[in-house]
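In what follows, chains are A, B, ... by sequence order, proteins preceding strands, each numbered from 1.
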Protein chains: 2
Amino acid sequence: MKARVFVSLKKTVLDPQGQTIRSALAGRGYQSIAGVRQGKIFEIDLSPETDRDSAHKELEEIAREVLANPVIEDYRVELLD
Amino acid sequence: MKARVFVSLKKTVLDPQGQTIRSALAGRGYQSIAGVRQGKIFEIDLSPETDRDSAHKELEEIAREVLANPVIEDYRVELLD
């Protein structure tokens with residue numbers, strides 16, 4: 001089983017990295033780009049015997065405790081196949 | 001209009017950061033996690049007057065030239081709403 005965890009800065013938190021990319025793109029002539037925010041994605045392989053419900057619970061826990069900083073970041077868990 | 005660009009290391013490229021996360025999770029007792037690979041996600045706002053086709057073309061170009069290193073990374077562009 002595969003899963004993805006998306007981690008991104010909360011909307012209220014400044015993202016200087018994204019702003020820098022946006023300015024760089026504007027400087028290269030990409031005028032249609034109004035904003036860029038950068039986040040992280042974790043592609044996770046789970047052992048095949050894991051059942052869906054406990055996998056989802058475990059991944060929510062991992063996202064909250066290890067992968068994201070819930071003070072400034074939002075996360076989302078997505079189970080595939 | 002909004003878009004997302006996903007950038008991840010090619011399958012053939014080692015991902016030490018992902019391996020470190022995997023070991024850390026195993027050490028914390030998450031035995032069902034068989035593998036972790038870390039990637040980047042760029043959430044992009046486009047000016048409303050941009051049309052879909054040219055936006056997609058432009059984002060492919062941006063992903064290839066600016067956001068990803070095509071030698072070692074794969075990218076994927078996704079247009080939303």
Do B:Val71 and B:Leu9 sit in one hydrophobic cluster, given that two such residues count as connected whenever their side-chain heavy atoms are within less than 4.5 Å of each other, even indirectly?
yes

When rounded to the nearest 0.5 Å, the distance separating CZ of A:Phe42 from CD1 of B:Ile21 is 4.5 Å

One option among A:Val5, A:Leu46, A:Leu67 has the most heavy-atom pairs under 4.5 Å with chain B, and it is A:Leu46

All donor-acceptor atom pairs under 3.5 Å, backbone and side chain, chain A-chain B:
from, atom 1, to, atom 2, distance (Å)
A:Tyr30, OH, B:Glu61, OE2, 2.6
A:Ser32, O, B:Ser47, N, 2.8
A:Ser32, O, B:Ser47, OG, 2.9
A:Ser32, OG, B:Glu58, OE2, 2.4
A:Ala34, N, B:Asp45, O, 2.7
A:Gly35, N, B:Asp45, O, 3.2
A:Gly35, O, B:Asp45, N, 2.8
A:Arg37, N, B:Glu43, O, 2.8
A:Arg37, O, B:Glu43, N, 2.7
A:Gly39, N, B:Ile41, O, 2.7
A:Gly39, O, B:Ile41, N, 3.0
A:Ile41, N, B:Gly39, O, 3.0
A:Ile41, O, B:Gly39, N, 2.7
A:Glu43, N, B:Arg37, O, 2.7
A:Glu43, O, B:Arg37, N, 2.8
A:Asp45, N, B:Gly35, O, 2.8
A:Asp45, O, B:Ala34, N, 2.6
A:Asp45, O, B:Gly35, N, 3.2
A:Ser47, N, B:Ser32, O, 2.8
A:Ser47, OG, B:Ser32, O, 3.0
A:Glu58, OE2, B:Ser32, OG, 2.4
A:Glu61, OE2, B:Tyr30, OH, 2.6

Among A:Val66, A:Ile62, A:Leu25, which residue has the highest count of heavy-atom pairs closer than 4.5 Å to chain B?
A:Ile62

Answer with side chain, backbone, both or neither: which region of A:Val36 has an atom nearer than 4.5 Å to a non-hydrogen atom of chain B?
both

Hey, does A:Ile33 have a side-chain heavy atom less than 4.5 Å from the side chain of B:Leu59?
yes

